[in-house]
**Student:** 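Right, I'll just put the structure down here and ask away after.
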Amino acid sequence: MSVTITFLGHAAFRLSDGTHTVLIDPFLTGNPAAEAAGLSANDESPTHIVLTHGHEDHVGDTVAIAKRSGATVIGAHELCNFLAEQGVETVDSANPGGGVPQSFGRVDLTHAFHSSSFGGRYMGMPCGVVIRLGDTTIYHTGDTGLFGDMKLIGELHRPDVVILPIGDRYTMGPVHAARAAELIGAKLAIPCHYNTWPPIEQDPKDFQPEGIEVRILEPGHSTDV
Ligand code: NI
Ligand code: MN
């Protein structure tokens, strides 16, 4: 079965297999890329929300969307505790190295080299997320620098698609991200976390992993895998 991947701007994505809809890092309100594309949190009714870490540009509209849709939110332990305090009814917490089965398949959390806080409060470990939807596996590295164990994560999870940041400054830039995609070894790579604001301006054409197909998605646009 194929999965439709829609880019919602910045690091936010919607995955759908026709039955389940999984949002990753649904930051839409205040996201210039999402707003320019006419995307609104009010239009999102996911069954699940997966969060890489607690930064405001990733948690985004999670609380509002989860309260309205009843979506299960999956993420790091401390982040899930915080969201439960905010009134999110169903959270499913994990930590890097572990995973949780879901109705659509499974979510595993991986390492990410970054930080994780919300309003200055510690939100647990920053993570990458490996989402297995039916027989398609998508690895969103989250905000991270390059690290050698990406090769091991690729070997363990055999992702079909990798989504990774190329904005530099807070994450990998295009050159390190290309190296990351080569280590992970997915056939298809989708760049994100760039051109949302001037400090992370990049030309995605500078992201050229060897032997890996790159699909550059405009906010609001989809691709099937
Ligand atoms: Ni971050
Ligand atoms: Mn970020």
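Ligands are counted one by one from 1 in listed order, and the atoms in each one are counted from 1 as well. When reading the values below, keep in mind they use all heavy atoms of this one structure, side chains included, and skip hydrogens, waters and symmetry mates.
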**Student:** Which value, rounded to 10°, describes the NE2(His114)-the Ni ion (ligand 1)-ND1(His55) angle?
**Tutor:** 90°
**Student:** Looking at Asp57, pick out the N, O or S atom nearest to the Mn ion (ligand 2) and give its name.
**Tutor:** OD2
**Student:** Do any of the N/O/S atoms of Asp143, backbone or side chain, fall under 2.8 Å from the Ni ion (ligand 1)?
**Tutor:** yes
**Student:** Taking the N/O/S atoms of Asp143 one by one, which is nearest to the Mn ion (ligand 2)?
**Tutor:** OD2
**Student:** Is Glu44 salt-bridged to Arg14, going by a charged N under 4.0 Å from an acidic O?
**Tutor:** yes
**Student:** Locate the shortest heavy-atom distance separating Pro174 from Phe207; write the atom from each residue and the value.
**Tutor:** O-CD1, 3.7 Å
**Student:** May I ask you to check whether His55 and Phe118 place their ring centres under 6.0 Å from each other?
**Tutor:** no
**Student:** Going from CZ on Phe7 to SG on Cys192, what distance comes out if it is rounded to the nearest 0.5 angstrom?
**Tutor:** 6.0 Å
**Student:** Quick test of your reading of the model: are Glu201 and Arg169 salt-bridged, counting only N-O distances below 4.0 Å?
**Tutor:** no
**Student:** Tell me, please, if His58 has any N/O/S atom, main chain or side chain, under 2.8 Å from the Mn ion (ligand 2)?
**Tutor:** yes
**Student:** Run the side chain to side chain contact (heavy atoms under 4.5 Å, CB included) test against Glu155 and tell me which residues pass, sequence neighbours left out.
**Tutor:** Lys151, Leu152
**Student:** Tell me whether His193 has at least one N, O or S atom under 2.8 Å from the Mn ion (ligand 2).
**Tutor:** yes
**Student:** What's the atom name of the N, O or S in His53 nearest to the Ni ion (ligand 1)?
**Tutor:** NE2
